[in-house]
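So that the names make sense, note that chain A is the first sequence line, chain B the second, and so on, each numbered from 1.
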Amino acid sequence: MRSTEANVDGLTEAQVKSVTHVNGPLLVLAGPGSGKTTVVTKRIANLVAQGVPPWNILALTFTNKAASEMRERVFAQIDPKTHGIRGLTVSTFHSFCARTLRTWGERIIGTRSFTIYGTSDQKSAVKTAIRACDLNDSNWKPASVLSIISGAKNQLIDAEAFAAEANDFHSKTIAKIYRSYELILRSNDAVDFDDLLLCTAQLLGRDEEVRNELQQRYQYLLIDEYQDTNRTQFVIANYIASKHRNICVVGDPDQSIYAWRGADISNILDFEKQYEDAVIVPLGRNFRSTGYIVETAAKLIAHNKFRKDKRLYTDLEKGNKPVIVTLPNEHEEADTILREVKRLHNEGTPYKEMAVLYRVNALSRVLEDAFRNEGVPYLVARGTAFYDRREVKDAVSYLRLLVNPKDDVAFRRIINAPARGIGKTSLLRLEQLASSRGLNMLGAAAFATKDLGFTARAAKALHTFHQMMARWRIDADSTQSLTAAASLADLVERMVRESGLEHSLNRIGTEEDLERLQNLEELISAASDFEEKSEDESASPLQLLFEFLEHVALVSDSDAIDPRIGAVTLMTLHAAKGLEYDFVAIAGLEDGLLPHIRALFDDTQMEEERRLCFVGITRARKHLHISSTLRRTQRGMTERAMPSRFLCEMSGPHTIQESVVDTWNTQVAPELTLSKNGSEITLGTVVRHKRFGVGKVQRVLRRERGSTVTVDFPSGTKHLVLEYANLEIVTPDF
DNA sequence: CCTCTCGCATTTTTT
DNA sequence: ATGCGAGAGG
């Protein structure tokens, strides 16, 4: 039997409505856990079932992770016998734009084989730009200039538009740097992250042919996490969708957590104004979290003033009450989380169904230590960490220069790594030579001579370097050369060796060098993996290298999350967007941390912090553990911490507060004592245990059932459940 | 021109 | 605490 409808069994009315919607604009307001992914994937499947060719469908997400998950789930929905999904595009905004520019880049940036600059490349380029404007980079901080430029690009303001709007000295200067920065990027055949979007938007705006082609190709557009789109992304989406108007956006204003990066919440709030005939489907029912968790989340988010009130509810059982616990310091906090993790694991929750979330990456270290000490498998979601390593960046820069000789940023990075005797002076000379001849720096290297003021040694080193790059290029390119690289991994390996990177690390042989060497090895195997996964069998090593570099440029932290691995995931609250776990712990609920210190005095930012916390809470299916500390050591300094205001806002009869005595602080809050057979066990009480002997109470944890005490016995510190421990109070005899 | 050391900022979140 | 950049010595 041939079905013409998607399988909608078990869906709610609202879900069915979004799944079966075919033509015209659609806005799905999907609360947390409302089955958004199911709806989205079933809708795509339904479109295909209704006869929409898959290649007419474009689905855009924010992370690679979300894209691959969507792809997989769509695939699972579609009956392979009747319909395939060949040609279906599911992609992140950034990689979709990258691909668009790989096709039509010549029309807007003059090339299709550009390099994508990441944060550190951007910084380096901005620095050069600041210098080129005869400015001082201590007055004009690259990082802050960059964030202004980035903000502008996210609002579709290019250097010219920025200059036109600049009135005061400050913004006029920024405009100058912006211009110069753009010039550098273009002459390097490079684009930064924001350019991927900006240039694509401009291309679509200026080039009718491209616009028509994309409109024709992508007649059905779907955008996930729409609340996090910025102005530029909005414009791109609208260019594509304006003809057929089959645009479906899915999101939740309460989960908007990227305003700091230029996300414009009015995109989703004003969707119905933009598309007056839009069908709007609110999905409020939560299928993910148990009752108390939903209640906690709802209570918290209700404190946001600038928000349309909407009901969050679930029909699931009440479940476990979220636990809110305060601890003396971050180590105890980590221990407490670990204890909970182990307890749940013993009760049958697999590690991979657990996650620990925090506001800032810096918090991961203590947690990692605790996991390592306890031998509990964990995984820190930091996909970018590997590619941020110095040696890996160096190696990648070699590869980049190989595919793009104009990449001066890469050139600068590696010309003296490993040391070749090219210092500041030689570099300055080379810069002058390059600009006077209109060459890139690599090209200029070939012309360095003594006459031009180079030392013999420097000139020779520059020539050798130039020749080395030229040789690699031939080997990467040609198929008949005797020395030709057989594969991408081969190419990377040879480069690591011949560049001298490997040798320079082998020489000294410290522990750290060894680690760096291993990272280079890992890069080679990453290249090899990439090669294996590649679908294009016939691609040349150089072609593969191109793709590999793009992959490297666009990896994100959440890409490190591999659900097949049986490990607890540690990540930032931002990275947790879109994920769910049986058990979620959120650490560091302290004023200044969550909400972050930078948001404390700004209502708008404060609301975003609250949404961030909301996102964290709603990741949990069954168990939620929230903690704060009284003292926290950060950046080498121990400081007193205040419990987050969010704790009060979210707590109530639906939560359990556990308080813990500050072991360094002798004063004991009255509610922190436990009655036991008429006597009180409190901090400092001396107790006797029939097996462990006599010990002193260090800590008391109060909870509805199974209060625990921490006792220092001669044999070591033990955590005991009061009901079972059968402790006897020892009266000290004075 | 390289290497070592001291001083300083740095980190909120990410494609 | 750590990592990077500036400045001094080899």
* Asked: Going by number, which of residues 421-431 of chain A have a non-hydrogen atom under 4.0 Å from DNA chain B?
  -> A/Gly421, A/Ile422, A/Gly423, A/Thr425, A/Ser426
* Asked: Once you round it to whole Å, what is the distance between C1' of B/dT13 and CD of A/Gln227?
  -> 15 Å
* Asked: Closest to the A/Ala419 side chain: B/dT15, B/dT10, B/dT3?
  -> B/dT3
* To do: Run the salt-bridge test on A/Arg261 and A/Asp228 with the 4.0 Å N-O cut-off and return the result as yes or no.
  => no
* To do: Between A/His574 and A/Asn416, name the one whose nearest nucleotide on DNA chain B is closer to the 5' end.
  => A/Asn416
Anything under 3.5 Å between a protein N or O and an N or O of nucleotides 8-10 of chain C, put it in a table, one pair a line.
none

* Is the shortest distance from a Lys or Arg side-chain nitrogen in A/Glu590 or A/Arg645 to a carboxylate oxygen in the other one below 4.0 Å? -> no
* Asked: Separation of A/Leu594 atom CG from B/dT13 atom C1', in whole Å?
  -> 11 Å
* To do: For A/Arg365 and for A/Lys127, locate the closest nucleotide of DNA chain C by heavy-atom distance; then report the residue assigned to the nucleotide nearer the 5' terminus.
  => A/Arg365
* Asked: When the distance from CG of A/Asp602 to P of B/dT13 is rounded to whole Å, what number comes out?
  -> 18 Å
* Check every strand shown and say whether A/Phe93 touches a base, only sugar-phosphate, or nothing at a heavy-atom separation below 4.0 Å. => nothing
* Asked: Checking all strands, does A/Asp194 fall into the base, sugar-phosphate, or nothing category for heavy-atom contacts under 4.0 angstrom?
  -> nothing
* Asked: Should the pair A/Arg400-A/Asp121 be classified as a salt bridge under the 4.0 Å nitrogen-to-oxygen rule?
  -> yes
* Asked: Can you tell me how far P of B/dT11 sits from CD1 of A/Ile597, to the nearest Å?
  -> 15 Å
* Asked: Between atom CD1 in A/Ile257 and atom C1' in B/dT14, what is the gap in whole Å?
  -> 10 Å
* To do: Would you tell me if any nitrogen or oxygen in the side chain of A/Asn361 comes within less than 4.0 Å of OP1 or OP2 on B/dT14?
  => yes
* Asked: Is the phosphate of C/dC4, meaning OP1 or OP2, less than 4.0 Å from a side-chain N or O of A/Lys123?
  -> no
* Once you round it to whole Å, what is the distance between P of B/dT14 and OH of A/Tyr358? -> 9 Å
* Starting at CG of A/Leu363 and ending at P of B/dT10, how long is that distance when rounded to a whole Å? -> 20 Å
* Nearest-nucleotide pick for A/Arg457, side chain only, options being B/dC1, B/dT15, B/dT14 -> B/dC1
* Considering just the side-chain nitrogens and oxygens of A/Thr572, establish if one lies under 4.0 Å of OP1 or OP2 belonging to B/dT14. => yes
* To do: For the side chain of A/Ala575, starting at C-beta, report the closest nucleotide among B/dT11, B/dT14, B/dT15.
  => B/dT14
* Gap separating the CD1 atom of A/Ile236 from the OG1 atom of A/Thr100, nearest 0.5 angstrom -> 8.0 Å
* To do: Let me know which of A/Thr449, A/Leu433, A/Ile422, A/Thr425 forms a side-chain contact (heavy atoms from CB on, under 4.5 Å) with A/Phe454.
  => A/Leu433
* Starting at atom CG of A/Asp369, determine the distance to atom P of C/dA1, rounded to an integer number of angstrom. => 14 Å
* Output yes when A/Arg610 and A/Glu649 qualify as a salt bridge under the 4.0 Å nitrogen-oxygen rule, no when they do not. => yes
* Any Lys/Arg nitrogen of A/Glu550 or A/Arg102 sitting under 4.0 Å from an Asp/Glu carboxylate oxygen of the other? -> yes
* Asked: Hey, are A/Glu608 and A/Arg611 close enough for a salt bridge, meaning a charged N less than 4.0 Å from a carboxylate O?
  -> yes
* To do: Look at A/Asp407 together with A/Arg412 and state whether they make a salt bridge at an N to O cut-off of under 4.0 Å.
  => no
* Asked: Which one, B/dC2, B/dT15, B/dT13, comes nearest to the side chain of A/Trp260?
  -> B/dT13
* To do: Identify whether the distance between the nearest side-chain nitrogen and carboxylate oxygen of A/Lys153 and A/Glu182 falls below 4.0 Å.
  => yes
* Is the distance from OP1 or OP2 of B/dT15 to the nearest side-chain N or O of A/Asn64 less than 4.0 Å? -> no
* To do: Assign each of A/Leu554 and A/Arg420 to its nearest nucleotide of DNA chain B by heavy atoms, then name whichever residue's nucleotide is nearer the 5' end.
  => A/Arg420
* Asked: Taking all non-hydrogen atoms of both residues, which atom of A/Phe114 and which atom of A/Phe546 are closest, and how far apart?
  -> O-CE2, 4.4 Å
